[in-house]
Structure formats: structure tokens, C-alpha cells
Amino acid sequence: MPELPEVEIERRNLERWFRKRRIVSAEAEKTRTFRGANRKAFESLRGRLVDASRKGKYLLLSFEGGRGLLAHLGMTGKFVRRSAPASEPYSRARFFLDNRQVIHFRDTRLFGRMEPVDAAQLWQLAPIRSLGRDPLTDGLTPAQLKEALGGTRQPIKVALMDQGRIAGLGNIHAAEALYRARIHPARKPSSLREAEWSKLCSAILATIQFGLEEQDSEEIEYVEEPGTENPFLIYGRAGERCRRCGTVIQSFVQAGRTTHFCPKCQPRRRVG
DNA sequence: ACCGCTGTTCTCCG
DNA sequence: TCGGAGAACAGCGG
């Protein structure tokens, strides 16, 4: 899925789609989407969306009457807007609005999750409280980055994907940020110099900004979807040439995830 | 037809 | 306590 930029676009979409609109009814299939949560509570949601927030990859939605909804898009989840009565493939849950439009939660692989809760509880939920700072909404300085990642012996890319340290980066954007900062994904955080923490911090923010611009459309798109051009600098480009130096981009598996890097721009051992 | 890959997170095991 | 492996699921390409 959806990493920070895609989830942020979804947040903005929901705000826009719900503006001045009311939910007149809601329904949900009996799927894994709700796990142990209360699916019937989802189906009883009504009225206006009064707040759409995001932390990391989570969406925190508040509705009229103090009802709330925590949502995570998993790998393939997305919200899409359709005109009634169009059916939507893999729609797992949907809101019917008072303008005859339908907001579907569409999720092929069912890694996504939704959990109806009291709106007042949203920020107190364990998965939210356990998150590290969100670079976009909480800001991120080089010192904060070093504080969050410096204490672990995990490889820097693995640490970047740890939502409890920094919230929102996943496999793609972690690789993109490291490429921009010219840091090898397997480097130990303790080996980073001050200048590298600064570069990495800027690179994270630039990567997020790029992602937001890239995804700024009616519907978020994932690279694997047919007909989608790979917009990324390094992710998914193994075997192609680095656009900075022409070296062939390589990949390896790290913590179970494929990691892409340029062997020349991102040397394994620190230089100098 | 089968195998292996996919941007997430959680649980279990050593 | 930490880190890695596997699981949850469906589709797609080789």
C-alpha cells in the first residue's frame, strides 16, 4: 500500500468528497476488513464527516455524533468514489451519500482494516499511540531523526520502516529517501555522520513531497497496477541504470523486503 | 499450471 | 529483547 503520501491523498479525498455531504446509509461485507471490530457499528454510521486526520499510514475519521473510524489501507486498500448504483470490484464496505454518490473501501488482498470506535478515543488507541512522529504533520529535524533511529543496530532502511520510530515510511519511500541521501540501505545508523543525518532528513521530506505531487489525483494508484508507469527514482528499477551515475541498479532482500540501491551512489562503507 | 513476486502488520520462535 | 520467518490474501507475469 499506501505509504504516507498515498494515505495523505486519501485523507484529502475523503475531506473533499464528504464536504457538505451526509452519509445516509452504510454497509459492509462480512470480511477480514473488520477483524475483531464491530462491523455493525460501521453500518450504523450516519451524518457528516467532521474530521479526517492521519498519522503515519492510519486514517482517523470522526463523524457527527461522536462516532469514529480508524482505517488502515494495508497493501491494496483504497477509497474510491462512484455514482450510485455502480458496483465496485473488491468493495468491502461503502458509504452512501445524500448526493447519490458512493464511497467504497476497496481492497483486493484484504490486508486493510477498519475499526469503528468512539471519536474521542481515536488518538488513544494502542496502534496510534505506538507510532513515532509523522514527518509531515509533526515535522522532522535532523536531530529528531537521529534521536529516533540512532539507538538501534538494525540496518538504516529497516529502522526507517519501523513505524514506532518514524511513522509513514514503507518499503518504497524508505528506499527512495536513502537513494536521495546517498546512503546504503544496510548501513548501521551508528555509522551515520551528522551531515548524513541532515541529508537523510531532507531526503525523507523531499520523498514525501514528491509522492504527494505524484499521487495528487482523484484516485491513488499503486505501481503494480497495470498501465501504471513507475514514477520512482530507485524502487523497482533493478537492472536499469542509475539516473545520476549510470551504474546498474541492484537489489537484495532485507528483512524480507526487496531493497533497491545504486552501488556507486550508495556505497556500503561510508566514504572519507 | 505452477512459482514467485507484490507498497502491510501481526504473531511466533529461536 | 531482538530479529527473522511465516501468515493473512488475491492477482499477475514469467
Side-chain angles (χ1 to χ4, degrees), chain A residues 1-10 29-37 54-59 70-79 88-93 104-115 125-132 134-135 149-179 185-186 188-190 204 207-208 210-212 214-215 219-239 250-261:
Chain A
M1 140 180 196
E3 302 182 24
L4 190 156
E6 294 78 18
V7 181
E8 173 63 16
I9 295 300
E10 286 294 47
E29 315 303 325
K30 195 174 174 182
T31 65
R32 266 170 38 85
T33 300
F34 289 89
R35 307 291 195 284
R54 179 192 57 76
K55 177 141 186 176
K57 302 171 190 174
Y58 283 92
L59 287 167
L70 180 70
H72 192 293
L73 304 180
M75 294 266 277
T76 52
K78 61 166 78 171
F79 287 98
E88 181 69 16
Y90 307 107
S91 174
R92 310 302 188 178
H104 293 272
F105 179 71
R106 177 188 163 141
D107 185 10
T108 51
R109 289 177 67 187
L110 288 167
F111 289 154
R113 264 186 66 187
M114 289 205 279
E115 182 180 357
L125 296 173
I128 299 302
R129 294 183 58 157
S130 71
L131 295 173
D134 180 295
L149 306 186
T152 177
R153 287 165 47 220
Q154 293 176 312
I156 186 73
K157 171 162 174 282
V158 177
L160 276 175
M161 291 193 296
D162 182 341
Q163 303 301 299
R165 300 182 182 280
I166 296 289
L169 300 180
N171 199 34
I172 293 182
H173 291 91
E176 293 289 296
L178 288 168
Y179 173 73
K188 294 286 183 285
S190 60
I204 289 169
T207 295
I208 289 170
F210 174 83
L212 288 172
E214 176 62 32
Q215 289 286 344
E219 195 172 303
I220 58 174
E221 289 178 339
Y222 302 138
V223 172
E224 286 80 2
E225 291 176 357
T228 307
E229 192 84 0
N230 178 1
F232 301 109
L233 301 174
I234 194 82
Y235 175 81
R237 298 198 181 279
Q250 295 184 8
S251 69
F252 66 106
V253 175
Q254 189 179 31
R257 319 295 300 279
T258 302
T259 292
H260 303 269
F261 72 106

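Letters go in sequence order (proteins before strands), and every chain restarts at 1.
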Looking at every strand, decide which applies to A:Gly256 at a 4.0 Å heavy-atom threshold: base, sugar-phosphate, or nothing.
nothing
Walking DNA chain B from its 5' end, the first of A:Pro127 and A:Asn171 to be reached, judged by nearest nucleotide, is A:Asn171
From CG of A:Asp162 across to C1' of B:dC10 the rounded distance in Å is 13 Å
For the C1' atoms, the ones on C:dG3 and on B:dT6, what distance do you get once it is rounded to whole angstrom?
23 Å
| request: Determine the Euclidean distance between corresponding C1' atoms of C:dT1 and B:dT8; express it in Å to zero decimal places. | output: 23 Å
To the nearest angstrom, the CG-P distance between A:Asp107 and B:dT9 comes to 13 Å
To the nearest angstrom, the CE-P distance between A:Met161 and B:dT6 comes to 12 Å
Taking B:dT8, C:dC9, B:dC10 as options, the one with an atom nearest any side-chain atom of A:Arg257 is B:dT8
Atom CE of A:Met75 and atom C1' of C:dA7 are separated, to the nearest Å, by 12 Å
Considering only heavy side-chain atoms of A:Leu110, the closest of C:dA10, B:dT6, B:dT9 is C:dA10
Residues at least two apart in sequence or cross-chain that pass side-chain contact (heavy atoms from CB on, under 4.5 Å) with A:Asp162, listed by chain then number, are A:Gln154, A:Arg165
Of the listed B:dT8, B:dT6, C:dA10, the closest approach to the A:Phe111 side chain comes from B:dT8
From OH of A:Tyr235 across to P of B:dT8 the rounded distance in Å is 9 Å
Of the listed C:dG4, B:dT6, C:dG3, the closest approach to the A:Gln154 side chain comes from C:dG3
Rounded to whole Å, CZ of A:Arg32 lies from C1' of B:dT11 at a distance of 13 Å
Per atom distances to the A:Thr258 side chain, the nearest of B:dC10, B:dT6, C:dC9 is B:dT6
Taking the P atom in each of B:dA1 and C:dA8, what is the distance between them to the nearest angstrom? 24 Å
| query | Hey, is the side chain of A:His72 poking within less than 4.0 Å of OP1 or OP2 on B:dT9, counting only N and O atoms? | reply | yes
* Is a side-chain donor or acceptor of A:Ser130 paired with a backbone partner of A:Pro127 at a separation under 3.5 angstrom? -> yes
Would the distance check show the side chain of A:Arg92 and the main-chain N or O of A:Thr33 forming a donor-acceptor pair, the cut-off being under 3.5 Å? no
Polar side chain donor-acceptor pair, A:Thr108 to A:Thr76, under 3.5 angstrom: yes
- Short side-chain donor-acceptor distance under 3.5 Å, A:Thr207 and A:Glu176: no
Without swapping roles, check the side chain of A:Arg257 against the backbone of A:Asn171 for a donor-acceptor pair under 3.5 Å. no
Intra- and inter-strand pairing of DNA chain B, written as dot-bracket with Watson-Crick and G-U pairs under 3.5 Å and | for the latter, reads .|||||.|||||||
If you define the side chain from C-beta out and look only at heavy atoms, does anything of A:Phe210 sit under 4.5 Å from A:Leu233?
no
Looking at A:Arg106, is its backbone amide N or carbonyl O close enough to the side chain of A:Glu88 to form a donor-acceptor pair, meaning the two atoms are under 3.5 Å apart?
no
query: So, does the side chain of A:Arg113 form a donor-acceptor pair with the base of B:dT8 at under 3.5 Å?
result: no
Here the distance between atom P of B:dT9 and atom CD of A:Glu3, to the nearest Å, is 9 Å
Whole-Å distance, A:Glu6 CD to B:dT6 C1', equals 14 Å
